[in-house]
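I have placed the structure first, in the form of structure tokens, so that the comments after it can refer back to it.
Proteins get letters first, then strands, A, B, ... in listed order; numbering begins at 1 in each.
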Amino acid sequence: MSNDFTRREFIKMGSRLAVVMGLSSSAIPDIAEALENLATGRVGVMWMQAQSCSGCTISMIDSEAPGPAELLTRYISLLFHHTLSATTGEMCMDIIDKTTSAGKHILVVEGAIPDGMPDACMIGHRSINEVVKNAAASASYVVAIGACAAFGGIPAADNNPTGAISVPDFLKKSGVNTPTLVIPGCPSHPDWFVGSLVYLLKFGVPPLDDMNRPLMFFGNTNHHSCPRFYDYERANFAKKFSDPGCLFELGCLGVVTYADCTLRDRNGGINNCIKAGAPCVGCSSEIFALRKSMPFYRKGENLS
Amino acid sequence: MAQKVSIDPFTRIEGHLAISLDVEANRVKSAQCKGEMFRGFEQIMKGRSPLDAQQITQRICGVCPVSHGLASVFCQEDAYNMQLPENARLIRNIMLAGNYVQSHITHFYHLSALDFVDVTGILGYTGNDRFLLGVKDWVKSEVASKKLFPAAPFLPRYEGEYLTEAQGNISALRNYFTALDMRAMAHQLVAIFAGKMPHMATLVPGGVTEKITTKKIALCRSKLSELRTFYENNYAADVLAVAGAFPSYASIGRGCGNFLSFGVFEDMANNSSQMLFPPGVLIDGKFSQLDTKQISEEVTYSKYSSDSGFGTTKPQPAKSGAYSWLKAPRYQGEPMEVGPLARIMVAYQSGQDSELNRATKKFLSNTGLTIDQLDSCLGRHAARIIETEVIIKNCEKWIEMLNPTKPTCVDFNLPSSASGEGLVEAPRGALGHWIEIENYKVKGYECVVPTTWNCSPMDGRGVAGPVEQSLMGTYVADKDHPIEAARIVRSYDPCLACAVH
């Protein structure tokens with residue numbers, strides 16, 4: 001590591017991450033130390049894509065402080081990533097196999113697993129089901145990132161032609177007991193991933209809810225810090241898109257969706273869905289997109 | 001005796017692609033392009049509320065969700081017979097422009113450049129850029145370590161000829177990292193009105209839920225101006241530097257020779273005849289107007305049970321002879337290339353004056369290239385920088401036209417039965433969504449997607465898809481490191497999650 005990268009910078013980064021994780025300033029030295037250890041130890045991360053859209057990958061590289069460049073060259077050793085690895089072709093399978101047999105890596109899985117049709121997701125002539133099962137069994141931790149990996153998401157929605165299921169369900173079925181963090185969202189927020197990763201490496205598994213979501217990010221609902229909260233209190237409801245007021249009657253699921261989007265904002269603090277007049281579609285919730293009987297918007301005939 | 005060469009998984013694209021080649025005396029004799037992941041979006045859409053469509057279909061792709069969202073609201077607005085406010089058109093153009101810039105920067109630096117730029121060149125770096133010195137120390141310590149895979153994810157790689165000119169190499173490498181911030185900034189530009197990216201929250205039939213404020217206009221200006229500076233000082237220059245160092249790639253990677261564009265960026269609200277990038281069709285160099293009735297999809301070599309085209313196919317993974325989850329779309333029975341190259345070819349060959357046509361002519365006269373040479377591996381990269389310039393200039397104009405005192409959205413009534421067509425150009429090319437509504441629910445939903453055209457398998461006549469045709473005849477120096485084939489395939493910027501969906 002560059003000698004220029006001083007302890008001062010770890011402290012600076014630590015203070016930003018303490019904010020990300022909702023910790024008080026007393027945690028900054030601990031986090032700075034974790035970052036320093038990360039930079040010297042550099043944990044091996046393998047990121048597999050199953051039935052995914054790459055949206056969580058794209059969201060992760062929208063991360064800031066630490067940005068993607070720092071993540072890649074300072075904190076983690078990204079052994080394999082479908083979208084980012086220079087490696088292509090059969091060499092990839094060599095990396096995946098050797099990492100799997102060495103073990104003690106962190107396996108990140110993006111996307112659902114086609115449990116009913118393994119041919120629906122193949123890599124190097126093998127089903128992703130087999131590759132994920134083996135790589136998860138020898139990993140220290142598994143991170144199921146995004147709505148599809150966390151709860152099945154759109155691939156597992158009604159009509160589900162491939163028998164898609166979530167990563168935790170797949171691992172349970174396969175008898176793999178590796179500790180698994182569930183970080184939902186469509187896409188997942190980069191802070192949720194980076195914050196969880198740092199916590200995992202410094203303190204171990206963070207406090208989780210009953211679905212294995214880190215409470216530091218998913219402990220409250222979006223309603224809790226909603227910018228339109230007072231409209232809700234005064235029953236001032238928007239009747240059509242782009243109206244001012246609470247979006248509840250248009251279908252907003254902020255009241256039942258455990259996430260901190262309204263507090264944290266998206267894309268470097270630029271905006272968030274509800275602030276922008278868009279009803280929360282519950283992309284972090286365990287029911288996201290699954291039922292055709294539960295449309296995202298309530299309008300006209302959908303009101304009944 | 002032909003040898004089998006397989007590139008599986010094919011990385012640094014979106015999604016799950018495998019390429020298999022028959023190579024004889026170092027020449028590719030035949031190629032197969034295989035889509036390896038299927039989810040079934042069209043089936044999943046059935047029976048849902050039509051208003052779910054723009055949310056569900058955006059999730060086909062996390063790299064170009066804006067295009068799917070737009071195609072989806074366009075087909076709904078066609079079905080609901082709606083007129084849009086001017087602000088809605090402008091905001092949608094701005095969001096799509098931001099997504100194009102993000103997609104093109106990501107494609108060049110993070111997906112393609114590692115095929116040309118030599119990462120190990122950092123070891124010879126003698127300058128004083130603090131970040132680069134950090135990367136140098138890191139690569140040094142990684143290579144010296146006993147790790148199984150040092151300097152991942154940048155090594156290992158296919159070995160071959162990389163950039164040898166040290167200054168250009170280091171500059172492109174530095175910009176690999178700067179571009180990470182720039183593409184995030186392009187997403188911030190989208191999120192100003194989209195709420196978040198990927199997967200816009202605010203897009204609905206009738207417009208956009210977010211409102212215009214002077215603060216948002218100022219934010220848009222500042223993000224776009226930084227992106228413009230990066231485009232002018234770095235992106236365009238780095239593409240030209242790579243092109244200068246690998247001139248032979250202007251004569252390989254030629255596709256099927258047919259091009260299709262649906263047209264994009266409406267110049268006036270509710271008037272699809274005025275497009276910044278014009279629609280059109282080129283078959284054997286002959287220009288004709290777009291007629292979407294000429295589009296068909298067939299599945300002879302695709303893993304689906306029926307070949308009656310739209311809507312009736314069922315997955316059949318073990319189908320004999322089938323080698324891809326992609327269908328084979330055809331226009332008048334012909335394979336078509338879509339994407340940035342198709343857009344500039346259509347604009348140029350239409351003979352009509354347009355900004356894209358003028359920008360293409362300027363590029364040709366500056367570089368001394370011919371229009372024919374653009375139909376190549378390097379030409380596809382060049383097409384992206386040509387159109388990025390036009391997009392940025394026009395996006396500046398759209399931002400200034402935003403009117404905070406006027407609405408961004410109109411209301412509508414959902415019809416019980418209707419059907420509609422939505423056409424747009426995604427960064428990767430022509431994208432169409434078709435919706436059929438019955439009893440307020442989706443009865444049928446079809447998407448014909450850019451990479452489905454480009455990476456399509458053979459059709460029933462045995463005619464190969466555009467990427468497959470591009471690979472045929474390519475010289476491969478080392479069959480264990482088929483970097484020439486990899487460069488050609490990546491020039492198309494394949495997106496497999498889109499292609500199969």
Checking [X] against chain A: side chain, backbone, both or neither under 4.5 Å from a heavy atom?
X	answer
K34(B)	neither
L219(B)	side chain
A18(B)	neither
Q54(B)	side chain
F412(B)	both
K215(B)	neither
H68(B)	neither
V410(B)	neither
E142(B)	side chain

Under a 4.5 Å cutoff for heavy-atom pairs, which residue among [options] has the most contacts with chain A?
options	value
P407(B), P9(B), G62(B), A201(B)	P9(B)
L148(B), I56(B), L114(B), V63(B)	I56(B)
A497(B), P317(B), G40(B), G35(B)	P317(B)
T106(B), V204(B), I7(B)	V204(B)

Quiz prompt | Criterion side chain to side chain contact (heavy atoms under 4.5 Å, CB included) on D119(A) and K303(B), from CA distance to verdict | solution = CA-CA 10 Å; D119(A) 285 328; K303(B) 298 177 179 181; 5.6 Å; no
Check this for me: [X], atom [atom1], are more than 12 non-hydrogen atoms of other residues, nucleotides or ligands nearer than 6.0 Å?
X	atom1	value
D97(A)	CG	yes
M117(A)	CE	yes
K240(A)	NZ	no

Which atoms of [X] are under 4.5 Å from chain B, going by heavy atoms: the side chain, the backbone, both sets, or neither?
X	answer
C92(A)	side chain
A112(A)	neither
M122(A)	both
P114(A)	neither
C283(A)	side chain

Chain B contacts, top residue of [options] (heavy-atom pairs, under 4.5 Å):
options	value
T99(A), T162(A), T83(A)	T83(A)
H125(A), M93(A), H81(A)	H125(A)
A276(A), P279(A), G55(A)	A276(A)
S52(A), S242(A), A147(A)	S242(A)
N267(A), T57(A), N159(A)	N267(A)
G124(A), P155(A), G44(A), G277(A)	G124(A)

Check [X] against [Y] and note the closest heavy-atom contact, atom names and distance.
X	Y	answer
A86(A)	R157(B)	CB-CB, 4.3 Å
I44(B)	I154(A)	CD1-O, 3.2 Å
M37(B)	C121(A)	CG-SG, 3.7 Å
P187(A)	P198(B)	CD-O, 3.1 Å
M197(B)	D62(A)	O-OD2, 4.0 Å
R39(B)	C53(A)	NH1-CB, 3.8 Å

If I take atom [atom1] from residue [X] and atom [atom2] from residue [Y], how far apart are they, to the nearest 0.5 angstrom?
X	Y	atom1	atom2	value
L111(B)	L84(A)	CG	CG	8.0 Å
R12(B)	T87(A)	CZ	OG1	8.0 Å
S293(A)	R48(B)	OG	CZ	8.5 Å
T11(B)	F80(A)	OG1	CZ	6.5 Å
L180(B)	L72(A)	CG	CG	7.0 Å
D52(B)	F296(A)	CG	CZ	5.0 Å

May I ask you to test the [X]-[Y] pair for a side-chain heavy-atom distance under 4.5 Å?
X	Y	result
I95(A)	P156(B)	yes
N271(A)	E210(B)	yes
S54(A)	E14(B)	yes
D94(A)	F149(B)	yes

Quiz item: What pairs of residues pass the side chain to side chain donor-acceptor pair (under 3.5 Å) test when at least one of them lies in residues 189-205 of chain B, not counting sequence neighbours?
Solution: none
Quiz item: Could you go step by step and tell me if D115(B) and T88(A) meet the side chain to side chain contact (heavy atoms under 4.5 Å, CB included) rule?
Solution: CA-CA 10 Å; D115(B) 288 336; T88(A) 201; over 6 Å; no
Quiz item: Is it true that a side-chain atom of R59(B) and a backbone atom of C186(A) form a donor plus acceptor pair closer than 3.5 Å?
Solution: yes
Practice problem: In sequence, state the C-alpha distance, the side-chain angles, and the governing distance for Q51(A) and H16(B), and then conclude on side chain to side chain contact (heavy atoms under 4.5 Å, CB included). | Solution: CA-CA 9 Å; Q51(A) 288 176 294; H16(B) 299 73; over 6 Å; no
